[in-house]
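Notes to accompany the following structure.
So you know, we letter chains A, B, ... as the sequences are listed, proteins then strands, and number each from 1.
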Amino acid sequence: MSTCTLIPDWCRISEEATHSIEDYGRGVPRWCLGCGDHAILAAVQRYCRDEQLPLEKTVFVSGIGCSSRFPHYMETYGFHGIHGRPFPIAEGIKMVRPDLNVFVSTGDGDCCSIGTAHWIHAIRYNMDMTVLLHDNEIYGLTKKQASPTSPAGLKTNTTPRGSRLNPLNPLSATLGVANVSFVAQAVDWIPDLLHDIIRMASLHKGFSFIRVLQRCPAYLPTEFEAQTRNPERVLLLKHQDGLTLPPEIAQTYRNQEEHDPGDIHRAREIASASDPIPVGILYHNPAVPCYEDSVDRDRIDTAETTHAFLEQEMDKFTIWPTSSEARRA
Amino acid sequence: MSTCTLIPDWCRISEEATHSIEDYGRGVPRWCLGCGDHAILAAVQRYCRDEQLPLEKTVFVSGIGCSSRFPHYMETYGFHGIHGRPFPIAEGIKMVRPDLNVFVSTGDGDCCSIGTAHWIHAIRYNMDMTVLLHDNEIYGLTKKQASPTSPAGLKTNTTPRGSRLNPLNPLSATLGVANVSFVAQAVDWIPDLLHDIIRMASLHKGFSFIRVLQRCPAYLPTEFEAQTRNPERVLLLKHQDGLTLPPEIAQTYRNQEEHDPGDIHRAREIASASDPIPVGILYHNPAVPCYEDSVDRDRIDTAETTHAFLEQEMDKFTIWPTSSEARRA
Amino acid sequence: MGYGVWTVEIIPAEIQPPARSVAGASGNRIRFASNPVTNGGDAADLAVALNEQVLLERLGELKPGCMILLEDKWRTDPNPSIAAQYRKTYDELTESGFRLVEVPMEAECRKLVSDPRRGKNMFVLGLLCGIYAFDLQVAREQIAFIFATKPQAVIDANINLLEAGYAWTRANLEMRVNIPATKPTLPQLVLNGNSAIGLGIVASGMKACAMYPITPATSASHYLSEIFEQVGGFVHQAEDEIAACCFAIGASYAGGCAVTITSGPGYSLKQEAIGLAVMAEIPLVVVNVQRGGPSTGQPTKVEQGDLLATVFGCHGDAPKVVMAAASIEDCFYSMITARKIAETFNTVVVVLTDASIASAQTTIPRPQSDPAWHAPPLDQNPVAPGALRYDWDSETGLARRVIPGQPGGMHCVTGLAHDRRSRVAYDPRNNEEGLRNRSRKLITLQQTLRTPAVFGEESGDMLIVGWGSTKGAIEEAVRRVRAEGARVGALHLRFIQPMPPGIGEIIRRFKRVLVVENNWSDPVDGAGVTEDNRRFSNLAWLLRARYLVDADCWSEVMGQPIKPSTVVRIIRERLS
Amino acid sequence: MGYGVWTVEIIPAEIQPPARSVAGASGNRIRFASNPVTNGGDAADLAVALNEQVLLERLGELKPGCMILLEDKWRTDPNPSIAAQYRKTYDELTESGFRLVEVPMEAECRKLVSDPRRGKNMFVLGLLCGIYAFDLQVAREQIAFIFATKPQAVIDANINLLEAGYAWTRANLEMRVNIPATKPTLPQLVLNGNSAIGLGIVASGMKACAMYPITPATSASHYLSEIFEQVGGFVHQAEDEIAACCFAIGASYAGGCAVTITSGPGYSLKQEAIGLAVMAEIPLVVVNVQRGGPSTGQPTKVEQGDLLATVFGCHGDAPKVVMAAASIEDCFYSMITARKIAETFNTVVVVLTDASIASAQTTIPRPQSDPAWHAPPLDQNPVAPGALRYDWDSETGLARRVIPGQPGGMHCVTGLAHDRRSRVAYDPRNNEEGLRNRSRKLITLQQTLRTPAVFGEESGDMLIVGWGSTKGAIEEAVRRVRAEGARVGALHLRFIQPMPPGIGEIIRRFKRVLVVENNWSDPVDGAGVTEDNRRFSNLAWLLRARYLVDADCWSEVMGQPIKPSTVVRIIRERLS
Ligand SMILES: Cc1ncc(C[n+]2csc(CCOP(=O)(O)OP(=O)(O)O)c2C)c(N)n1
Ligand SMILES: Cc1ncc(C[n+]2csc(CCOP(=O)(O)OP(=O)(O)O)c2C)c(N)n1
Ligand code: SF4
Ligand code: SF4
Ligand SMILES: [Mg+2]
Ligand SMILES: [Mg+2]
């Protein structure tokens, strides 16, 4: 008996399902109680289960930070790299192995501070991967220093008299970069939307950038308090080409905007807003080509073809013992 | 006798003038014949003369590239640094010495490739400096590799079958970053506007970003040919708060738009356009605070005050020989 | 008060290790004595544990048979598996010979306060005051001092807990230890190494610090961020380590002398920019608070693995000064010395410390502040016409410093090969001249260094050579083996590049040389290890190469400070 | 055809040096002989100059009294100062003993073509064919071959110019030099070092190259960009060197073995990422085409200054394999060896070359392509249940490689200290185990290396030790001094970390050891230089430290390949 009609279409559970949510988890996450990273992990694992992503064909890549511990908690392949460099590592993987599902987990320091150059260029490369920016607006792992997304005036260990700068807006910045193809914002405290956004991001072929506003109770315990309490301070973006809101969600969060993800100008305006917090798909352009597709993947290369090519290439540099042969190339 | 009424107000030559244009130059530039960098150098030297910038109070900072040789050709202080890092060097200078006039010359590889992180963060710091992005859409010094701003399909030494990616748009990217305060575009072949834009940029207190489309006859001889030939393919931005067009220019370049530099949304739209090439001030917000101003500059620190402070600070860690003194701190 | 003391915070490496877990142990190691204490010492004589699990990974740090004061509440925990775990561990530890004393900490505290979790530490302090016969009045005064800004009720509650602990000891425990305090005659500072660096930076007169957060270096910048602006200084948190280093270079070029503070991975990233400062002859102080490597390694753990990367890590010939702080006190003074050398020699000075002194606290004699410490004021005097930027002195290799704002001094510094006017010059002569003078500066500095004093025997069977944070432990070990009659001396290097004169002579006075450091070396008896392939420890490479002495090395990578007793053991082994 | 040949392009360091300027000299140095030529040689026997100015900076490269064929058109230049300059220089050079022959190149060419600037080179070729009695027919055929895609008129014009030059020599010059060509029996490749690297990468079976442009490394990537996709490879120009290195690491992790190509400043930037690959045991090939340093230094010039930065440059203990290509042929084969070692040992292999072989061309025997060169196909087989990612073999230190896509092999690699399952583990035991096994891999590799053969005397008065590109010049020098009776041998190192077995033994067979390299060392007789402070050349540090031999060093930083005659001079000096 198929149960397909009973569950929303994003949830492709069927009799063939062989992996449970638990199958995707590994170990006990070492995040603080109440840390938003737990919710992100849960949403990702749920999505993996829904899609039945093969464990061995999926790679989670990260940098360094609390959030970058993510791959350790997935029973897939993982690459916990160095601070700020998850993107180039993920790009190398995807270029060589377009058959793999590639996810990137990165923090606001990892991505928007030390990793800025790679982030901006990853957008431009538009390789097919799903990116979760765990934006807790603080350096968690190193214990409370200002991050580029920290609110102005925030007192941290490196800004004891308050952060001096307005925060960088990762959405606006992303939307300014050539080849941008998918930009969304989610919040850790609305897990269903988080899940839906991850799903849409993963279905998009290209560089799918999701900024997740993530609570860090350890160092910014009150940062999103108002927004978690008051649904009015969240603005849901919906559209037939974007997010369709589950009814319960639509009822709780009345603040909604019909936004066409194809409209980059409006997307940039929305991105600039922080109160209410926009949640949903800001921008989506399925037509942007992927860098990895610029290579001919149809050819079959074997030791023999390589060998033959090498001989042919060497011919070009060869001087043969008799001068008439010199012209063979 | 004052000649002030006879010359445009941007040209503050007066009897007090002590430096001629030649005074600002040093040596013979080692750029190719017809290289756009010559025009940029000329415009900057002219501006320096107009403003009579004191040679010893002015610092030109650069990275590595053809364009980054710039400081060697100015008879001011100069810092020809390492590839991609002119911004942090300039920031360190300005933070310690806000009394200095700081200019940055950088290339499209220097700024938009290896220097991306510093560029994006320099925008956010919004320190008072004038930035010239010599955008020739190619790596000049290393002899013709694709740069992030190279047009798609361009054949270079690293992209022999054509560049695979759409170019990064430095204007759009800059306009996506928090604290952006001044963004303009100039072209090397309209020297008067180039000069005027440099002047407006320098007068702005904050991070003034000028992208100069710069011809590289050595490696991209035809890149801006059409635009240099046909004034219709340039769009001049004018506004009472922006550029006022000299009459000869206004007559030659009939394609004009009244654009309010305070309008960031329209600025972003304009930035996206490449044909016709927008020239002028895209965005200007004089209200963004400068990072260097977050420090109290009024205090006077002497060896004595430092000494006194050190004593006071050590008191906090001190255990005095008798326990009653322990509470002195 | 009046004790020598050394405390080390035990910080879990994970942000949120599971409660009651082995990995979750946080706490404090305290060593104290009548005399000054220079290191964290060996196994503990006494442990206090709020749960039994935290003990498990750290039994090696306890003396056999040592007393353990253990919170007893877990014995009756409602969760039967926790209670069982407790009993099992209790029994095992008792069997292993530890003297376990169950203390009803929670129960006793609950008599006085509603949330005993927030008061237990005071109760424990009372327990310890009872055992060590501390003057309770001093403790009371200190509590009042620490909570001076809090309501009187808070002070009272804490004093009550203290007294309750004291009373409990007196009523229930036999053990008393009397460590006589010596009355200090001079004021002392209680500092950890990172605060000492912060304070030293202020004392040096530097005015700019650029950094990017990284454990265990960051806390130096935290402290500096709090105070620096009060003396006209500034801490810049840059977007990454490369930017931090370049910002500092810019700040130094513009007239200050700036410092950038980092740890291993950040140091690797700065290599290129450090080369620029060397090439352009811009003063720069770099602090590397080493941690466990390679790569991200062990961020919170102790290691001295970056010495060779500091000396040799930059492409091309980039001679820089490399110093290592041998103590917490040294952290303070090395900042003053580093700034002075950086500005005198117009070059890069790297100061190496490590996690073992960065976060350990001790008392040091309060420095006598000296006006000569501070940087000179900004020079904005005109430069004489015709003066050359790099007027390298043929004797010393030193060149003038010219600062923007100085009329007539205009020039363009560059990382390219350049001539004396700082113009790009690729010809062999100019290139050779630049390399020669930059290298010569180290010779000049070397000639001014003093041969370090040998600790212990001036000649004999074995010389132990160390550098950086291990000084206290090595010298303590040497003291102990000498007491057993061994003819051993110790040499400790603060300057590693250049190395002070006279080292070779000292080395040759001993039959054997053993380098002891906290980093990797192939063990001399490891499988397949031969003299042809053995990878030596960092300093051993340098000593062997320079003095052609068959310096053996012993090193460990335990993520912990080297213990005096370990050094004692190694010396005994190698001597026998 | 049938000559040994070595050509070096002379490229001005500036993009646009002024015309007729000293800095503007561009050209070609050609050395040829009956036998194979291994280096650029000494001073020139013959020079051709299109203006007199380009000669000025390079007189040291001309043999005293050598013949200079000089374009004469400047003598009558309409600009009187140019004409005066020409005459003055002409007279001075003649006085200094050079044999100047004025050749009316422009005038002769103008008889045949309208724009003589585009034809002069053919005319000069004709001149040289006349002097060296080359077979004009071969030259004609080669012209036809090179311009095969051009109209016949172009071919004819060029051949006419060639013949005109030939005729001019025959009519006006006495000088004839006959260098007999040996008939080669095997096919030869004409290659420069960077093309050899590109070709070697293809031969190795690597499929990904990530790079960021930097002189003098870039041209290897240029060549690879042109051909790589035809064998399923890909060249990624990354946004910077750090990204390039990480991209290569990702590509290797995912199943290929990738290479990243750079020069000094880029290598410094990659240090941190290289440490990650070492720590996580991911195969990676890094090519560093060295250039003049430090900092931006001399981008187009020759130097071997990055050896110690390669061996020691990364924070923490990051043991990697370091090889150096000793010739252009080596550039090809070292790519194949490097890929194999990287994948066998799951580690980083750095191959050092430098500007002197990167852009010099020579003939090498055409390699016999071997299927064993190529990388094995992607392993996607299931991993046995319970298998550990780092199942370090206790003998060899080697661990399995597991590639994404392999069912059952799922794990998370990390740059943090980790256990055998690749889980984060900070405890001392796991940390020590990882360090030990990563270091042991070098021992394992070392045991498989062959002791390099000594060139020249097997024992005697002096052993010259070199590495990398200097092999040809050093061995030529040794050949010459041996002919004078000196008892000298030469040892050349291709593997520098680990160093092959048997080196110490070789060294001890000689009375003195002199390391010759192209980088900085304080001259032994420099002012203030003592054994206590001398900074040795790169390889000298390593040999001294390992073999405790008082290895002297001689090195230079002229931005030029070391000349055989220079080495001869140094050997003679040190032996006397
Ligand atoms: C090269 C380098 N620099 C600095 C660090 C120290 N470091 C580790 S995580 C981190 C930032 C963490 O902040 P974020 O990326 O926002 O992640 P979070 O912990 O908040 O999830 C830093 C600075 C490092 N490991 N490597
Ligand atoms: C760390 C480092 N990487 C690479 C280089 C080589 N390099 C010098 S200039 C340059 C790019 C030049 O392009 P651009 O910035 O656009 O300047 P242009 O020459 O076009 O003015 C590169 C890659 C270098 N000097 N240092
Ligand atoms: S410190 Fe913050 S981000 Fe890190 S685990 Fe704790 S709550 Fe989460
Ligand atoms: S290569 Fe291009 S950018 Fe460089 S100097 Fe020549 S024309 Fe200008
Ligand atoms: Mg964060
Ligand atoms: Mg460019």
Side-chain angles (χ1 to χ4, degrees), chain A residues 26-27 54-61 64 69 71-72 74-82 84-97 99-100 117-118 120-121 291 295-296 299-307 309-311 313-314 317-321 323-327, chain D residues 1 138 141 145 183-191 195 199 202-203 205 207-208 210 227 229-232 234 236 238-240 242-244 246-256 258 272-273 276 363 366-367 369 371 374 404-416 423-424:
Chain A
R26 181 194 292 154
L55 295 166
E56 73 276 12
K57 287 285 198 179
T58 305
V59 187
F60 282 83
V61 184
I64 300 287
R69 287 295 180 96
H72 285 284
M74 293 296 301
E75 190 55 50
T76 60
Y77 280 91
F79 199 129
H80 180 210
I82 43 177
R85 325 294 176 193
F87 292 120
I89 291 173
E91 290 154 12
I93 295 171
K94 190 74 191 178
M95 180 57 79
V96 170
R97 297 290 301 279
D99 59 313
L100 300 176
H118 314 307
I120 300 294
H121 286 275
Y291 186 51
V295 194
D296 175 8
R299 41 178 310 119
I300 293 160
D301 299 291
T302 62
E304 287 70 47
T305 56
T306 302
H307 182 85
F309 175 78
L310 184 63
E311 289 294 330
E313 197 57 27
M314 286 196 294
F317 298 96
T318 299
I319 309 174
W320 300 97
S323 84
S324 64
E325 269 180 273
R327 260 153 288 145
Chain D
M1 323 295 121
V138 176
E141 283 174 18
F145 172 59
K183 198 114 199 108
T185 49
L186 290 170
Q188 306 278 320
L189 301 187
V190 182
L191 274 183
S195 303
L199 216 51
V202 170
K207 289 286 147 66
I227 61 171
E229 284 183 52
Q230 295 177 57
V231 281
F234 187 79
H236 172 58
E239 59 272 23
D240 64 17
I242 299 173
C246 289
F247 188 103
I249 290 171
S252 276
Y253 162 78
E272 192 208 6
L276 170 66
T363 55
R366 180 176 164 131
S369 172
H374 309 320
Q406 289 189 266
M410 289 83 69
H411 66 282
C412 179
V413 301
T414 178
L416 285 164
R423 308 226 174 147
V424 178

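For A/L100, the part lying near chain D is the side chain, with the backbone staying farther off; criterion is any non-hydrogen pair under 4.5 Å. Looking at D/A273, both its backbone and its side chain come within 4.5 Å of chain A, counting heavy atoms on both sides. Looking at D/I227, the atoms closer than 4.5 Å to chain A (heavy atoms on both sides) sit in the backbone and in the side chain alike. Both the backbone and the side chain of D/A203 come within less than 4.5 Å of a heavy atom of chain A. Using a 4.5 Å cut-off between heavy atoms, D/T185 touches chain A through its backbone atoms (N, CA, C, O) alone. Contact annotation for D/A208: only side-chain heavy atoms (C-beta onward) come within less than 4.5 Å of a heavy atom of chain A. In this structure, the portions of A/T306 lying under 4.5 Å from any heavy atom of chain D include both its backbone and its side chain. Of the two parts of A/F87, neither the backbone nor the side chain holds a non-hydrogen atom closer than 4.5 Å to a non-hydrogen atom of chain D.
Annotation: the span from A/R69 atom CZ to D/T414 atom OG1 amounts to 7.0 Å, rounded to 0.5 Å. Interatomic distance, NE2 of D/H374 versus CG of A/D301, reported as 11.0 Å (0.5 Å rounding). Interatomic distance, OG1 of A/T318 versus CG of D/L191, reported as 8.5 Å (0.5 Å rounding). Atom CZ of residue A/F317 and atom CD of residue D/Q188 lie 14.5 Å apart, to the nearest 0.5 angstrom. Interatomic distance, CD of A/E313 versus OG of D/S195, reported as 9.5 Å (0.5 Å rounding).
Between D/R366 and A/E311, some side-chain heavy-atom pair lies under the 4.5 Å cut-off. Within the 4.5 Å cutoff, no side-chain heavy atoms of D/E229 are placed close to those of A/D296. The shortest side-chain heavy-atom distance between A/L310 and D/L199 falls under the 4.5 Å cut-off. Residues D/V202 and A/F309 have side chains in contact (heavy-atom distance under 4.5 Å, counting atoms from C-beta outward). Residues A/R26 and D/C412 form a side-chain contact, since some pair of their non-hydrogen atoms from C-beta on lies under 4.5 Å apart. Using a 4.5 Å heavy-atom cutoff, the side chains of A/R85 and D/I242 are in contact. Counting heavy atoms from C-beta on, the side chains of A/H118 and D/D240 come closer than 4.5 Å. With a 4.5 Å cut-off on side-chain heavy atoms, A/E56 and D/M410 count as touching.
The greatest number of non-hydrogen atom pairs below 4.5 Å with chain D, out of A/E91, A/M74, A/K57, is found for A/E91. Considering only heavy-atom pairs separated by less than 4.5 Å from chain A, the leading option among D/K207, D/E239, D/E272, D/H236 is D/E239. Contacts with chain D were tallied for A/D99, A/V61, A/I93; A/I93 has the most, counting heavy-atom pairs under 4.5 Å. Counting heavy-atom pairs closer than 4.5 Å to chain A, the top residue among D/S369, D/G255, D/G409 is D/S369.
Residues passing the side-chain hydrogen bond (donor to acceptor under 3.5 Å, both in side chains) test with D/R423: none are found, sequence neighbours excluded. With sequence neighbours left out, the side-chain hydrogen bond (donor to acceptor under 3.5 Å, both in side chains) criterion links D/T363 to no other residue.
Smallest separation of non-hydrogen atoms from D/A243 and A/P88: O-CB, 3.5 Å.
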